[in-house]
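The structure appears right after this line, and notes come after that.
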Amino acid sequence: MKLTILSICFLIVLSCKVQEPNKVIKKMTKHKYALVLHGGAGTISKSNLSAEVEQQYLTKLNEAIDKGESILKSGGTSLDAVTQVIMILEDSPLFNAGKGAVFTHDGINEMDASIMQGSDLNAGAVGGVTNIKNPILAARAVMEKSDHVFMVGSGAEEFANMSGVETINPGYFRTERRWNSLQRILEKEKETGLTEMELPDSKFGTVGAVALDIHGEIVAGTSTGGMTNKRYKRIGDSPVIGAGTYADNTCGVSCTGHGEYFIRYAVAHDVSAMMNYKNLSLSEAADQVINKKLVEAGGSGGLIALDRYGNITMPFNTSGMYRAYLTPEERFVGIYNE
Ligand code: ASP
């Protein structure tokens, strides 16, 4: 009898544990809501950004954070906040995502995006898409309207189209600035024989957002054109769940940087794992990955992250990262190492 009661208790405890990922954790929230975003990390310094261009970036980052704020403040979901924030950055030619995406070696724009929801670990991602106006919407469609997590190329485009996501003529993504970068890199490649990823001045520019809403839900998303001069249908970390994007009940993370390193080091998931297994705080865990593990490996980039209490961190090991964050109490928009 005693044994049966014990076994029942054990089963109840076990079933509670199994249920854990499905629960939105609301209690002990430090901030009612929180939002953090990035527009890419890289060789960004005051000396290579004119005051006018700097202002354009700051204005766009402010517009994006305002949009997220209006959604979260009025009780909207982190899923909508992340989607809308990323769409604003994708629609801007300033960032390497959507319009303004970098060019591949063959002179086309191939984009990757992903999104993940912390409460149920549901996620969606697309890779190498060429005609979807807002790749983040395609990633969200994969998450919400399919049983899959990751779709690539023409299959992803077909699914997005069937799901009502807007498609557009690929010429829309072209900007002279990115075209000229490709030409410069092709020239250098001819001179040095090194591919773009080996050249020291590779620049990044992915966009991403992570939000915690008043319901306690954490969502993270990332969108990118990848790296200039990429070839062989190369896909980076941005659409890889656990590498460029991750969200669970502990934290949400979106990365930017040299994707190959972020995939090898499973960077986004590693932040959550270190918090869970080593009991590190959000900022300690993120700092370990970006400023220790990646620096030792030679991987450059940064990440943005928030935890379930609304704590925020934005470490990067490059000279700058376009970034912003917001809670009901605080607001920050920055570019350099300030
Ligand atoms: N992480 C992206 C990639 O490797 C690039 C970036 O963040 O700018 O595709």
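The shown structure was predicted, so the numbers you read here are calculated from the model rather than taken from an experiment. FYI, side chains are in, hydrogens and waters are out, and symmetry mates aren't considered; it's all heavy atoms of this structure. When a ligand or atom number is given, it counts from 1 through the structure's own listing order.
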My understanding is that only one of Asp307, Ile312, Leu306 makes a side-chain contact (heavy atoms from CB on, under 4.5 Å) with Val210; could you say which? Leu306

Classify the side-chain pair His38/Ser254 by whether it contains a donor and acceptor separated by less than 3.5 Å. yes

Thr256 neighbourhood, listing ligand 1 atoms whose heavy-atom distance to it stays under 4.0 Å: 6 (C), 7 (O), 8 (O)

Checking heavy atoms under 4.0 Å, the part of Cys255 that sits near ligand 1 is neither

What are the atoms of ligand 1, with element, lying closer than 4.0 Å to any heavy atom of Gly205? 8 (O)

Measure up the Tyr322 and Tyr57 rings against each other and bin them: parallel (under 30°), tilted (30 to 60°), perpendicular (over 60°). parallel

Consider only side-chain N and O atoms of Asn317 and Ser300, and report whether a donor and an acceptor are under 3.5 Å apart. no

Number the atoms of ligand 1 from 1 as they appear, then name those within less than 4.0 Å of a heavy atom of Gly236, with their elements. 9 (O)

So, does Gly244 sit close enough to ligand 1 that a heavy atom of it is under 4.0 Å from the ligand? no

Return the option from Gly259, Gly42, Gly257 holding the heavy atom at the smallest distance from atom 2 (C) of ligand 1. Gly257

Residues Glu110 and Thr130: side-chain donor-acceptor under 3.5 angstrom: no

Does the side chain of Ser272 come under 3.5 Å of the side chain of Asp248 through a donor N or O and an acceptor N or O? yes

Go through ligand 1 atom by atom and flag the ones less than 4.0 Å from a non-hydrogen atom of Ser238. 1 (N), 2 (C)

Pick one of side chain, backbone, both or neither for how Arg234 approaches ligand 1, counting any non-hydrogen atom pair under 4.0 Å. side chain

Establish, yes or no, whether the cationic atom of Arg264 lies under 6.0 Å from the six-membered ring centre of Tyr261 and within 45° of the ring axis. yes

Which of these, Thr206, Thr224, Asp237, has its nearest heavy atom closest to atom 3 (C) of ligand 1? Asp237

Give the numbers and elements of all ligand 1 atoms closer than 4.0 Å to a heavy atom of Gly226. 5 (C), 9 (O)

